[in-house]
Amino acid sequence: MGSILLPVALTGCQGGSQSGDKVIEKPEIQITDGMFTPEVLEAFGRISEAHPSPDGTRIIFTLAYEDIKENKSNAEIYSMEADGAEMKRLTTTASSESNLRWLDGGKKIAFLRKDDETKKMQVFVMNADGSGVKRVSSVENGVECFEISPDETKIIYGSAIKAFNKDEDLFKDIPETTGRVVDDLMYKHWDEWVTEIPHPFLADFSESGLANAVDIMEGEPYECPMRPFAGADAFAWAPDSKSLVYVSRKFKGMDYAFSTNSDLYLYDLAAKTTVNLTEGNEGYDTDPVFSPDGKSLAWLSMKTAKYESDKKRLMVIDMASKEKRDLTENWDYWPEQIAWSKNGEKIWFTGYYQGVAPVFTIDAKTCAIDTVAMDVCDFASVAPVADNAAVVLRHSMRYPNEICLVRTDNKEVKELTSVNKELLSQLKLGEVKKVMVPTTDGKEMTTWVILPPDFDPNKKYPALLYCQGGPQQAVSQFWSYRWNFMIMAAHGYIVIAPNRRGLPGFGTEWNEQISGDYGGQNMKDYFAAVDYMAKEPYVDEKHIGAIGASYGGFSVYWLAGHHEGRFAALVAHAGIFNVEAQYLETEEMWFADYDLGGPFWDKDNAVAQRTYANSPHRFVNNWTAPILVTVGELDYRILASQGMQAFNAAKMHGLEAEMLVFPDENHWILKPQNAILWQRVFFRFLDKYLKENK
């Protein structure tokens, strides 16, 4: 059991199209009267992975476009000077490139791409100008992510192995059977049945290929990187290349399903020994990053078991003494996406703060925090280029990711790319306003209000209450390719997006309040926002809808039974309808166990009993508004049956209802044509009940 390296033919292919598939280019889009349509939304260029070269003179990144007809997207590698000049496309293939890494002092680039011969994702290397492309791996099960050692002689990569849960004797002589024998929990995760798990493999690295691959967790039935979202951020090389740190949650089955206890493991290459650096902490430990001198390791840590939305702490450990410090102990917000400064004196990070995501630095000794850049936008993915400068991504509700340079000395923010400038310039975009809404318990709630283009305060507009998912995900200045506020505004709707209770960026107390209080104060916050905005003369208070996904879908279902005539239409995607069923159906059971308060059969647990008493399915008798339900049948986080129950209940209750089912989507809607259909159904439904029925 393991990852097998097959012979590699180093043919030095140039970056041409592979497999005869169509190379996806920037789409041509026809815009009429500045209208933001679903087709326009799919036409935006999507920037990610901005990496400055070791000397800070160049930046490489990926830029993806979607092809609606082909029903897929494709990311290519681009490079540019550090000031944004001379942007150049380095690859032209039908397979997306990802996991970009600089090599040889910036002379070469390593990356992942699906390979023609092996039909798997493999590691490639090319010159910094895009020439001389070589495949350097031929791993039997493919490479999911990788990090190359600082001395560039070793590589750690994630690759799938068979899961430790199949009795081969049962299946001999019947190779065509589709049956699965299940004897423990976590038998499926996110959108797949757990037949494989990723493991970390260490191999010799050179442009001649990978050699001597070893599974450094051989025989361990645990994931690394952790499903479903972790990638190369699960690995950190020590600067001397003699050791590395990896992240794993070393539990399986029922223990895995009920635990968030991931740890950082230090692996010594020479001794082949593993040491748990974070033993004793029962929450998540993730995102390890070594300081430039290798004497310290920083990471993000949550303290509380099962609580996946606990405050993230920026921790540092002295690698010699093993002494740990919480640098953000006296800072009541979440750090994200950490990176050491070049001189090792500070750590750069982003974090949610009062409805936006600024760039910060923190002094590694004094813990003093400095706000480097803050505006009505979100910054992400900090990559230092000098002691006083870093490359970041920036987006807002009005535009998708672009690459910027931020500086600590003069707090300047310089935009380096503008790949969507031409498209945005043709669109009429809505204005984004920050409104402070009084809550029922005497606090103020940051609420984003998005107005339609060409807004006329003397007219009345239908409105949409946006209910956030998570439940603890920030309503910051995010850009979404599904819940996009600009396209909603373009269709003539005022969008009300409250930072209700249970969201990060407003302190620990505000964030934690929602756990064990589903249907409580956060729902009062939603009503407060709607009632506050309904008093505005330009809001048509009789034509307000409520929309949301995941916990936002739960919110819509709950509001359906309690809104007392506030809403004229409702849209719920992938929402929890029956909380008792959700407790048993979901795969990551730590979340349900902690956030819901415990199992519904624990009659002595007051918190849990309050949660289940507030389950939306108990209040269908109060439903009055038409509802649209959308689901993906590959969603194992919140099963499609939850939405189907809600739709069936609405129809049986005599309501006007529609349902949109995607057999090939998970918790999200990812395929381009599916995304367009979702938007078309979304607006057709809302227009029918919030515009045509006036």
Side-chain angles (χ1 to χ4, degrees), residues 35-38 430 449-453 455 459-468 482-498 523 526-527 529-531 533-549 552-575 577 616 619-631 643-661 669 675-694:
M35 183 60 183
F36 201 147
T37 65
V449 175
I450 300 88
L451 302 175
F455 173 71
K459 293 183 179 179
K460 279 190 176 291
Y461 296 87
L464 301 174
L465 172 69
Y466 171 72
C467 302
Q468 179 65 307
R482 182 154 43 96
W483 300 96
N484 187 283
F485 297 150
M486 288 300 109
I487 194 172
M488 296 177 195
H491 280 75
Y493 293 99
I494 291 174
V495 183
I496 306 165
M523 295 301 168
Y526 280 141
F527 287 145
V530 169
D531 293 345
M533 290 304 300
K535 295 175 184 177
E536 295 289 351
Y538 49 79
V539 173
D540 183 351
E541 71 278 6
K542 294 182 179 180
H543 291 90
I544 298 176
I547 61 174
F554 165 92
S555 302
V556 170
Y557 293 144
W558 191 92
L559 293 170
H562 297 82
H563 68 95
E564 298 178 339
R566 288 178 174 88
F567 302 115
L570 305 165
V571 179
H573 172 73
F577 172 70
F619 302 96
V620 173
N621 58 301
N622 296 332
W623 284 21
T624 58
I627 188 167
L628 167 65
V629 174
T630 69
V631 296
M644 292 175 181
Q645 289 179 61
F647 171 76
N648 293 351
K651 295 300 289 186
M652 293 166 71
H653 191 53
L655 294 177
E656 296 183 68
E658 292 183 22
M659 182 166 63
L660 176 59
V661 179
I669 306 300
I676 288 177
L677 176 61
W678 189 92
Q679 295 283 355
R680 288 177 179 174
V681 172
F682 178 80
F683 287 114
R684 185 190 69 171
F685 181 84
L686 290 175
D687 289 352
K688 178 179 180 180
Y689 295 105
L690 300 184
K691 292 181 180 179
E692 296 173 12
N693 287 356
K694 284 189 176 184

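The figures here come from the full heavy-atom set of this structure, side chains too, leaving out hydrogens, waters and symmetry mates.
When all heavy atoms of A569 and A625 are compared, the closest pair comes out as N-CB, 4.2 Å. In this structure, I487 and P38 approach most closely via the heavy-atom pair CD1-N, 3.5 Å. Here the closest non-hydrogen pair linking A646 and V629 is CB-CG2, 4.4 Å. Of all heavy-atom pairs spanning G643 and Y557, the tightest one is CA-OH, 3.7 Å. Residues R482 and W678 come closest through the heavy atom pair CG-CZ3, 3.7 Å. Nearest heavy-atom pair across P626 and F685 is C-CZ, 3.6 Å.
Here A650 pairs with W623, I627, L655, A657 under the side chain to side chain contact (heavy atoms under 4.5 Å, CB included) rule; sequence neighbours left out. Residues meeting the ring pair (Phe, Tyr, Trp, His ring centres under 6.0 Å) test with H653, sequence neighbours left out: none.
Under the 4.5 Å side-chain criterion, counting only non-hydrogen atoms from C-beta, K691 is not in contact with H543. Contact check for M533 versus L465: no side-chain heavy atoms found under the 4.5 Å cut-off. In this structure the side chain of V556 never reaches within 4.5 angstrom of the side chain of H573, judged on heavy atoms. In this structure, the side chains of M488 and F683 come closer than 4.5 Å at one or more pairs of heavy atoms. At least one side-chain heavy atom of M486 sits under 4.5 Å from a side-chain heavy atom of I450. Within the 4.5 Å cutoff, no side-chain heavy atoms of Y461 are placed close to those of L451. Between L690 and L464 there is a side-chain heavy-atom pair separated by less than 4.5 Å.
Remark: side-chain polar atoms of E541 are not paired, donor with acceptor, to backbone N or O of K535 under 3.5 angstrom. Using a distance-only test at 3.5 Å, with no hydrogens or angles considered, no donor-acceptor pair links the side chain of K651 to the main chain of E656.
V449 pairs with exactly one of I494, V495, V539 by the side chain to side chain contact (heavy atoms under 4.5 Å, CB included) rule, that one being I494.
In this structure, the separation between SG on C467 and CE on M523 is 7.0 Å, given to the nearest 0.5 Å. The NZ atom of K460 sits 11.0 Å away from atom OH of Y538, with the distance rounded to the nearest 0.5 Å. Between I547 atom CD1 and L559 atom CG the span is 12.0 Å, to the nearest 0.5 Å. Atom CZ in F682 sits 7.0 Å away from atom CD in Q679 (nearest 0.5 Å). Separating the CG atom in L660 from the CZ atom in R680 is a distance of 12.5 Å, to the nearest 0.5 Å. Rounding to the nearest 0.5 Å gives a distance of 10.0 Å between OG1 of T624 and CD of E564.
Counting only residues at least two apart or in different chains, side-chain hydrogen bond (donor to acceptor under 3.5 Å, both in side chains) contacts with residues 483-497 comprise Y493-D687.
Between F567 and H563, the ring-plane angle classifies as tilted under the 30° and 60° cut-offs.
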